[in-house]
Number of protein chains: 2
Amino acid sequence: MADGRGASSYSGENLLFLTDEQLRQAIEAMFFAYRGFTADPDRILVDMAYGRAHHRAIHFINRAPGTTVNNLLGLLGVTKQSLNRVLRTLIADGLVKSQVGKTDKRERHLYLTEAGRALEQTLSDAQRVRMRGAFRDAGPEAVAGFRTVLEAMMDPEMRHSYTKLKENGA
Amino acid sequence: MADGRGASSYSGENLLFLTDEQLRQAIEAMFFAYRGFTADPDRILVDMAYGRAHHRAIHFINRAPGTTVNNLLGLLGVTKQSLNRVLRTLIADGLVKSQVGKTDKRERHLYLTEAGRALEQTLSDAQRVRMRGAFRDAGPEAVAGFRTVLEAMMDPEMRHSYTKLKENGA
DNA sequence: GACTTTACGTCAGGGTTGTTGACTTTCCAA
DNA sequence: TTGGAAAGTCAACAACCCTGACGTAAAGTC
């Protein structure tokens, strides 16, 4: 109101692409794209007795080796009972190694075994093929925008986790 | 190799942003963002006896009124048995109306009732609030890139369905 | 040292979502 | 008209996630 001119020109600019119809289309795009996003690893996982939950656990253990169960819980956003079921099978199958914490013996630090890393590689390769293709088709500017919007769409806590993982990986 | 200069300059440009690390980050961004994407409607749905599947059905019936069960099957990518359970409850609860086809009596045409439209509005309002906020924060160019990448990420059949819905809605 | 909290694991029970298999009704074509 | 294909429905089962409760071990606190 005070700076009416600037604000109205800004909102006017945005009204052009923030119609309900445009938002509806974006919602559908998100839905269809996510289906594609998970399709390739899913195909690999059905052949084993695994599901998407196993994939997620493997992904983040690979990404943050030595992470604790509690930490993983926060990243995945599931209950410990749910995660435990997944972890139990992964450990039994020799894909994940659980190590009692040195300083705090209550904690279990999680690592991928050689076999676990191999599966992770297989799964993320499959997923990256599609991403790489989409990114190449869309071009660098589109990819930058893509990531900006995704980040803005996250819950604040998730954005924090995401940023921390990015810093670790870089 | 034949047109080494053009190709290498193009791929060189892309190699800068298509590293495995960058792709990994994008995968995580997609994961975290999708969580946010579904969080708001999910919160509303738990209070009723409904889940995400009901939301999807309601969304697409609203989007393509009179669609058949078979058509909806293709959009949602589930088996007809799975969809049927959802539809049965929605019809029983008076949110969806099923009409026997006139030319082909095997088909059922699906419509939202008044109550169905009300719920759809509630759900998509909640979802759009987040999208609108993310889009406003990211800006128009980022949104354009976002949609370009999402479209490139879809399976070809899904991209086709998506495009058709877009044309209908516009 | 007693008490509380934290980290992890597990059992029991229930809900949604997805699948396969078997079935009916309707359409269409040989 | 008969037989196959398509659309939809019903039933049973598995996967995955959730809540709630309980147990154990270790850490932190008074």
Side-chain angles (χ1 to χ4, degrees), chain A residues 31 34-35 38-39 41-58 61 66-93 96-111, chain B residues 31 34-35 38-39 41-61 66-93 95-111 123:
Chain A
F31 170 69
Y34 198 77
R35 281 255 297 280
T38 55
D42 278 359
R43 258 189 294 276
I44 297 173
L45 288 161
V46 287
D47 293 337
M48 332 177 137
Y50 296 149
R52 211 173 285 178
H54 299 83
H55 181 193
R56 290 195 284 253
I58 288 175
I61 293 173
T67 186
T68 64
V69 173
N70 226 7
N71 190 10
L72 204 51
L73 243 45
L75 288 175
L76 297 176
V78 295
T79 61
K80 61 176 175 176
Q81 295 89 331
S82 221
L83 176 58
N84 186 261
R85 181 170 5 88
V86 169
L87 241 35
R88 197 167 15 181
T89 69
L90 289 177
I91 291 172
D93 295 351
V96 167
K97 202 171 36 178
S98 169
Q99 235 170 31
V100 175
K102 284 188 176 176
T103 66
D104 189 334
K105 289 178 187 169
R106 293 172 304 176
E107 296 180 337
R108 302 296 138 89
H109 298 282
L110 303 169
Y111 301 90
Chain B
F31 169 70
Y34 197 78
R35 280 253 296 279
T38 56
D42 279 359
R43 258 189 294 275
I44 296 173
L45 288 161
V46 287
D47 293 337
M48 333 178 135
Y50 296 149
R52 213 174 284 178
H54 299 85
H55 181 194
R56 292 195 285 252
I58 288 176
H59 173 97
F60 284 111
I61 293 173
T67 187
T68 63
V69 174
N70 221 14
N71 189 11
L72 204 51
L73 245 44
L75 288 175
L76 297 176
V78 296
T79 60
K80 59 179 173 177
Q81 294 88 332
S82 202
L83 175 58
N84 183 259
R85 181 165 8 83
V86 170
L87 284 178
R88 194 169 9 179
T89 69
L90 289 176
I91 291 171
D93 295 351
L95 300 175
V96 168
K97 201 171 37 179
S98 168
Q99 236 170 28
V100 175
K102 284 188 174 173
T103 65
D104 189 335
K105 290 178 188 167
R106 293 172 304 177
E107 296 179 339
R108 304 295 137 90
H109 298 281
L110 302 170
Y111 303 89
L123 292 172

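Below, chains carry the letters A, B, ... as their sequence lines are ordered, and counting in each starts from 1.
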Counting heavy atoms from C-beta on, name the nucleotide in [options] closest to the side chain of [X].
| X | options | answer |
| --- | --- | --- |
| B:Arg106 | C:dC27, D:dC17, D:dA25 | C:dC27 |
| A:Val69 | C:dG9, D:dC18, C:dT26 | C:dG9 |
| A:Asn70 | D:dA27, C:dT17, C:dC8 | C:dC8 |
| B:His54 | D:dC10, C:dT17, D:dC18 | C:dT17 |
| A:Thr79 | D:dC18, C:dT10, C:dC8 | D:dC18 |
| A:Lys105 | D:dC17, D:dG8, D:dA26 | D:dA26 |

Original post:
Which residue lies toward the 5' end of DNA chain D, A:Ala53 or A:Lys102, if each is placed at its nearest nucleotide?
Top reply: A:Ala53
Subject >> A:Val78 or B:Leu87, whichever maps to the more 5' nucleotide of DNA chain D >> reply: B:Leu87
Close side-chain approach of [X] to [Y], heavy-atom, < 4.5 Å:
| X | Y | value |
| --- | --- | --- |
| A:Leu110 | A:Leu87 | yes |
| B:Leu90 | B:Tyr50 | yes |
| B:His109 | B:Thr68 | yes |
| B:Ile91 | B:Lys97 | no |
| A:Arg52 | A:Asp42 | yes |

Calculate the interatomic distance between [X] atom [atom1] and [N] atom [atom2]; express it in whole Å.
| X | N | atom1 | atom2 | value |
| --- | --- | --- | --- | --- |
| A:Gln99 | C:dC8 | CD | C1' | 16 Å |
| B:Leu72 | C:dG18 | CG | C1' | 16 Å |
| A:Arg85 | C:dT10 | CZ | C1' | 12 Å |
| B:Gln81 | D:dG8 | CD | P | 12 Å |
| A:Lys80 | C:dA12 | NZ | P | 16 Å |
| B:Arg43 | D:dC18 | CZ | C1' | 16 Å |

**OP:** Would you indicate what B:Thr89 reaches in the nucleic acid, counting non-hydrogen atoms under 4.0 angstrom: base, sugar-phosphate, or nothing?
**Re:** nothing
Original post:
Base, sugar-phosphate alone, or nothing: which one does A:Gly77 contact when heavy atoms must sit under 4.0 Å apart?
Top reply: sugar-phosphate
